[in-house]
There are 2 protein chains.
Amino acid sequence: MILKSQVEWALHCCAILAGLPDGRYLSTKALAEFHGLPKEYLSKALQSLSQAGFVHTSLGPSGGYRLAKTPAELTFLDIVEAVEGKSRTFVCNNIRANNPCRPSGYCESSPCAVARVMWEADEAWRQKLRSVRLSDLVETLAKDIPADLWKSSFEWVLERAG
Amino acid sequence: MILKSQVEWALHCCAILAGLPDGRYLSTKALAEFHGLPKEYLSKALQSLSQAGFVHTSLGPSGGYRLAKTPAELTFLDIVEAVEGKSRTFVCNNIRANNPCRPSGYCESSPCAVARVMWEADEAWRQKLRSVRLSDLVETLAKDIPADLWKSSFEWVLERAG
DNA sequence: AAAATAAAGATATTTAATATCCTTAATAGA
DNA sequence: TCTATTAAGGATATTAAATATCTTTATTTT
Ligand code: FES
Ligand code: FES
């Protein structure tokens with residue numbers, strides 16, 4: 001079980017969009033070039049973010065994407081779920097129902113204890129992702145990345161932002 | 001991202017093995033029949049448990065599997081990792097290295113901040129799984145499952161245990 | 001009017017999950 | 001000793017998901 005690489009792409013794209021001045025847009029082309037990603041396929045990830053309502057889009061020349069919310073209002077979970085979907089990572093196929101000893105009309109009252117534990121773990125994962133905001137990420141990146149690289153990256157982006 | 005169905009199978013099989021009297025073994029055939037699973041494929045999941053050292057095996061007629069540890073010594077994480085592997089659910093492809101603004105000789109000192117958060121969430125998931133023992137599961141199942149079904153299931157198992 | 005863009009659908013391609021089959025070695029029981 | 005049964009592991013097939021590309025359409029800026 002491995003998350004789609006689109007998760008990494010979407011998170012990095014949102015980190016870039018978080019630094020975009022108000023009212024400006026950045027195109028798929030620029031985001032793909034900046035991260036070295038296939039433009040057409042990255043587009044699918046950005047469409048997911050758009051459908052989830054986390055980015056606004058603009059058509060035509062100088063169009064592209066900008067965040068629909070402030071970085072403090074967006075969490076890792078929002079972004080991960082936008083591209084991975086909201087369904088749980090553990091699916092119970094109810095194999096307990098195949099128990100040959102079961103009375104024929106028997107029906108479970110509650111989800112299987114195995115599934116409940118797996119779902120609690122899934123929820124712990126989501127809770128952690130929910131606790132980190134996009135603004136937290138940007139703060140960390142600002143510390144991690146050398147100031148000159150940070151600066152030149154934003155200049156690169158602004159040159160291409162419509 | 002969805003866990004393999006083998007995870008559900010392995011957890012349920014371990015729950016059954018946990019109730020097996022000392023020194024007795026239960027075959028793949030019996031476990032597959034009890035859970036309504038394909039015998040040959042279930043065998044792969046049980047082999048994973050065997051390779052991880054969580055079950056002992058016995059060959060020949062009346063052979064099969066038994067737990068290699070007490071139910072209190074086995075956690076959900078042990079079983080999940082045995083079949084899913086221990087590698088993290090988020091893989092960083094280091095797309096930050098494609099930043100066109102980067103100096104040519106530039107090399108990161110630490111993992112990307114994005115990956116660190118994703119790995120913390122992965123660890124939160126594992127920590128939750130680590131906190132639940134197989135013995136806890138058996139206790140819960142004993143409460144959930146009607147006493148007569150619980151009893152007849154174990155009789156079914158004992159009839160087939162070598 | 002022309003160029004650039006997001007959106008969405010169609011379609012490959014590649015990889016992982018699921019499943020079956022077969023052979024081998026070990027072992028219990030007749 | 002012989003036979004049936006079992007786990008282990010390798011080979012292979014099938015199915016589903018992830019990855020990737022291409023095309024068309026509607027929109028918008030210049
Ligand atoms: S029946 Fe699905 S987890 Fe127990
Ligand atoms: S480069 Fe991989 S998560 Fe940032």
Side-chain angles (χ1 to χ4, degrees), chain A residues 1-10 13 17 23-33 35-66 68 80 82-85 87 89-91 93 95 160-162, chain B residues 1-10 13 17 23-33 35-66 68 80 82-85 87 89-91 93 95 160-162:
Chain A
M1 183 192 67
I2 293 182
L3 289 162
K4 304 201 250 203
S5 49
Q6 285 193 347
V7 170
E8 184 182 7
W9 304 357
C13 286
L17 294 180
R24 307 198 53 188
Y25 292 83
L26 194 61
S27 69
T28 308
K29 188 184 168 200
L31 286 167
E33 190 183 343
H35 296 111
L37 302 173
K39 181 166 93 73
E40 311 292 344
Y41 193 28
L42 171 62
S43 165
K44 300 295 182 186
L46 297 171
Q47 279 174 42
S48 298
L49 291 172
S50 173
Q51 282 164 4
F54 299 135
V55 297
H56 279 156
T57 66
S58 165
L59 287 177
S62 81
Y65 298 90
R66 67 173 173 83
V80 170
V83 304
E84 276 287 337
S87 57
T89 56
F90 177 84
V91 172
N93 293 110
I95 63 174
R160 286 156 183 86
Chain B
M1 182 192 68
I2 294 182
L3 290 163
K4 304 201 251 203
S5 50
Q6 284 192 348
V7 170
E8 184 183 6
W9 304 357
C13 285
L17 293 180
R24 308 202 46 190
Y25 292 84
L26 194 61
S27 70
T28 308
K29 189 183 168 200
L31 286 166
E33 190 182 344
H35 296 110
L37 303 172
K39 180 167 94 74
E40 310 291 343
Y41 193 27
L42 171 63
S43 165
K44 301 295 183 186
L46 297 171
Q47 279 174 42
S48 298
L49 292 172
S50 172
Q51 282 162 3
F54 299 136
V55 296
H56 278 155
T57 65
S58 167
L59 288 175
S62 80
Y65 298 89
R66 66 173 173 86
V80 170
V83 304
E84 275 288 336
S87 56
T89 57
F90 177 84
V91 171
N93 292 111
I95 64 174
R160 285 155 184 86

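Chain letters run A, B, ... following the sequence lines, proteins first and then strands; every chain starts at 1. These values consider heavy atoms only, across backbone and side chains, with no hydrogens, waters or symmetry-generated copies.
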Between Ser27(B) and Arg160(B), does a side-chain contact (heavy atoms from CB on, under 4.5 Å) hold up when you go through it step by step?
-> CA-CA 8 Å; Ser27(B) 70; Arg160(B) 285 155 184 86; over 6 Å; no

On DNA chain D, nearest-nucleotide positions of Lys39(A) versus Lys39(B): which is more 5'?
-> Lys39(B)

Please round to the nearest 0.5 Å and tell me the distance separating atom [atom1] of [X] and atom [atom2] of [Y].
X	Y	atom1	atom2	value
Tyr41(A)	Leu46(A)	OH	CG	12.5 Å
Leu49(A)	Phe54(A)	CG	CZ	8.0 Å
Leu31(A)	Leu26(A)	CG	CG	4.5 Å

Ignoring backbone atoms, establish whether Ser62(A) has a side-chain N or O less than 4.0 Å from OP1 or OP2 of dT29(D).
-> no

Provide the closest heavy-atom pair for [X] versus [Y] in the form atom of the first, atom of the second, distance.
X	Y	value
Leu42(A)	Thr28(A)	CD2-O, 4.1 Å
Ser48(B)	Ala82(B)	CB-O, 3.4 Å
Arg66(A)	Arg24(A)	CB-O, 3.3 Å
Tyr25(A)	His56(A)	CE2-O, 3.9 Å

Please report the C-alpha distance between Lys39(A) and Ser43(A) in whole Å, then the side-chain angles of each, then the deciding distance to 0.1 Å, and finally whether the side-chain contact (heavy atoms from CB on, under 4.5 Å) criterion is met.
-> CA-CA 6 Å; Lys39(A) 181 166 93 73; Ser43(A) 165; 5.9 Å; no

Run the numbers on Lys4(A) and Glu84(A) for side-chain contact (heavy atoms from CB on, under 4.5 Å), then give the verdict.
-> CA-CA 7 Å; Lys4(A) 304 201 250 203; Glu84(A) 276 287 337; 2.9 Å; yes

Would you kindly give the [atom1]-to-[atom2] distance between [X] and [N], to the nearest whole Å?
X	N	atom1	atom2	value
Tyr25(A)	dT29(D)	OH	P	9 Å
Glu33(A)	dT5(C)	CD	C1'	16 Å
Leu26(A)	dT5(C)	CG	C1'	12 Å
Glu40(B)	dA13(D)	CD	P	17 Å

DNA chain D contacts made by residues 42-51 of chain A, counting heavy atoms under 4.0 Å | Lys44(A)

Could I get a table of every N or O pair under 3.5 Å where one atom is in the protein and the other is in nucleotides 15-18 of chain C?
{"unit_1": "dT18(C)", "atom_1": "OP1", "unit_2": "Ser5(B)", "atom_2": "N", "d": "3.4"}
{"unit_1": "dT18(C)", "atom_1": "OP1", "unit_2": "Ser5(B)", "atom_2": "OG", "d": "3.3"}

May I ask you to list the residues of residues 52-61 of chain A, by number, that have any heavy atom positioned under 4.0 Å from an atom of DNA chain C?
-> Thr57(A), Ser58(A), Leu59(A), Gly60(A), Pro61(A)

Which is it for Thr89(A) and Ile2(B) under the side-chain contact (heavy atoms from CB on, under 4.5 Å) test, yes or no, and what are the steps along the way?
-> CA-CA 4 Å; Thr89(A) 56; Ile2(B) 294 182; 6.0 Å; no

Please work out if Gly64(B) contacts a base, only the sugar-phosphate, or nothing of the nucleic acid, heavy-atom cut-off 4.0 Å.
-> sugar-phosphate

